[in-house]
Amino acid sequence: MARRTNEDAILVEQWVGLGDADSHGITRSSFADVLLAVADGVGGHSAGEIASRLVAERLSLMRSSLVVGDIDAATRAIMCVDEDLRAKASSHPSFFNMASTLAMALVSPDALTLSNVGDSRIYFSMGSSDLRQMSKDDSPASSRTTSLSDGEITGRSSHLITQALGGGALRRTRLEPHTLHLRSPAPWTLLLCSDGLTDEVDERLFVADVVTRGYVADDLVAMALDAGGRDNVSVIVARCIAR
């Protein structure tokens, strides 16, 4: 509601969502692994919308190498995307220091591999329980031990993040993605989102209702816009239904 450009991108398998009011849905009676991702170009850095788009597109191209449960493959893919962004940032002055967050999930009916960098979040619920945050925020206020001597990455004016994909030649620290693997039989619910949701809407207002009231992604985007919409907001909700 306040920005001229949308610096978010989302990925659902091979589909990359960009721009305003972009939405997509898939329903499958049975499925193999499904790749989902939300990327948020870091505000205040050059070409944030280019960075998030490249993250989504590069992950889509590496889809065949990703398998649920293979944490090493997920980490390698993220590191490759990071290298691509840094190379792109060095190729032209307008891309200097561009960066992006990432929340990524590879899911099957009974297992999930989750990865994140930055402050885009992943929430998960097994059965009828409330959603619980599974990602780790890369911020000075988080419990993660981080050396800030190499500088912080500026996000929205209200906060900082301590790591992101890309960041150009000025970044002197090695990227450390957060990745975990979960075993969970259906039913389960998964939420991936940019901080355009969590900065605007207190998570206590949606962690239960996504499960109990069946909120979909459009409902959560509407909540964030109604709360002021000071940042781009992107949401993926995935559900596995027990048969």
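Computed from a predicted model, the values in this text were never measured in an experiment. Values below: every heavy atom of this structure, side chains too, minus hydrogens, waters and symmetry copies.
Between the side chain of Arg63 and the main chain of Leu66, a donor-acceptor pair closer than 3.5 Å is present. Side-chain atoms of Asp33 come within 3.5 Å of backbone N or O of Val68 as a donor-acceptor pair. With hydrogens and angles ignored, the 3.5 Å screen pairs a side-chain donor or acceptor of Trp188 with a backbone N or O of Pro109.
Rounded to the nearest 0.5 angstrom, Asp130 CG and Phe124 CZ are separated by 13.0 Å. Between Ile161 atom CD1 and Asp137 atom CG the span is 10.0 Å, to the nearest 0.5 Å. In this structure, CG on Asp231 lies 5.0 Å from CG on Asp195, to the nearest 0.5 angstrom. In this structure, Ile236 CD1 and Met104 CE are separated by 11.5 Å, a value rounded to the nearest 0.5 Å. Note: Ser52 OG to Leu11 CG = 12.0 Å, rounded to the nearest 0.5 Å. Atom CD1 of Ile50 is separated from atom CD of Glu7 by 10.0 Å, given to the nearest 0.5 angstrom.
Counted within 6.0 Å of CE on Met62, heavy atoms from surrounding residues, nucleotides or ligands total more than 12; the atom is thus considered enclosed.
Other cluster members for Val221: Met1, Tyr123, Leu131, Leu191, Leu197, Val201, Leu205, Phe206, Val207, Val210, Val211, Tyr215, Leu220, Met223, Leu225, Val233, Val235, Val237, joined by side-chain heavy-atom distances under 4.5 Å among Ile, Leu, Val, Met, Phe, Trp and Tyr.
Taking Arg239 as the reference, nothing meets the salt bridge (charged side-chain N to carboxylate O under 4.0 Å, His left out) condition, with sequence neighbours excluded. When the salt bridge (charged side-chain N to carboxylate O under 4.0 Å, His left out) test is applied to Arg204, the partners found at least two apart in sequence or on another chain are Asp202.
The two residues Ser194 and Asn232 make their nearest non-hydrogen contact at OG-O, 3.5 Å. Annotation for Arg230 and Asp199: closest pair NH2-O, 4.3 Å, computed over non-hydrogen atoms. Scanning all heavy atoms of the two residues, the minimum distance from Ser100 to Gly41 falls at OG-N, 4.0 Å. Closest non-hydrogen pair, Met79 versus Leu175, comes out as CE-O, 3.7 Å. Residues Leu190 and Ala105 share a closest heavy-atom pair of CD2-CB, 3.6 Å. Nearest heavy atoms, Ala103 versus Ile122: CB-CG1, 3.8 Å.
Screening residues 55-92 for ring pair (Phe, Tyr, Trp, His ring centres under 6.0 Å), with sequence neighbours left out, gives His92-Phe95. For residues 221-242, there are no ring pair (Phe, Tyr, Trp, His ring centres under 6.0 Å) pairs, not counting sequence neighbours. Applying the side-chain hydrogen bond (donor to acceptor under 3.5 Å, both in side chains) test to residues at least two apart or on different chains, the pairs with a partner in residues 104-116 are Ser108-Asp110, Thr113-His181, Ser115-Thr179.
A side-chain contact (heavy atoms from CB on, under 4.5 Å) with Lys136 holds for exactly one of His178, Glu176, Arg121; it is His178. With Gln163 as the partner, the side chain to side chain donor-acceptor pair (under 3.5 Å) test is satisfied by one option alone out of Asp119, Asp82, Asp138: Asp138.
Contact check for Leu114 versus Ser135: no side-chain heavy atoms found under the 4.5 Å cut-off. Between Met134 and Leu112, the closest side-chain pair of non-hydrogen atoms is not below 4.5 Å. Side-chain contact between Thr75 and Ile78 is absent, with no heavy atoms from C-beta onward closer than 4.5 Å.
Cluster annotation: Val38 and Trp15 are assigned to the same hydrophobic cluster (Ile/Leu/Val/Met/Phe/Trp/Tyr, side-chain heavy-atom contacts under 4.5 Å, transitive).
Between Thr189 and Ser125, the side chains place no donor N or O within less than 3.5 Å of an acceptor N or O (distance only, hydrogens not considered).
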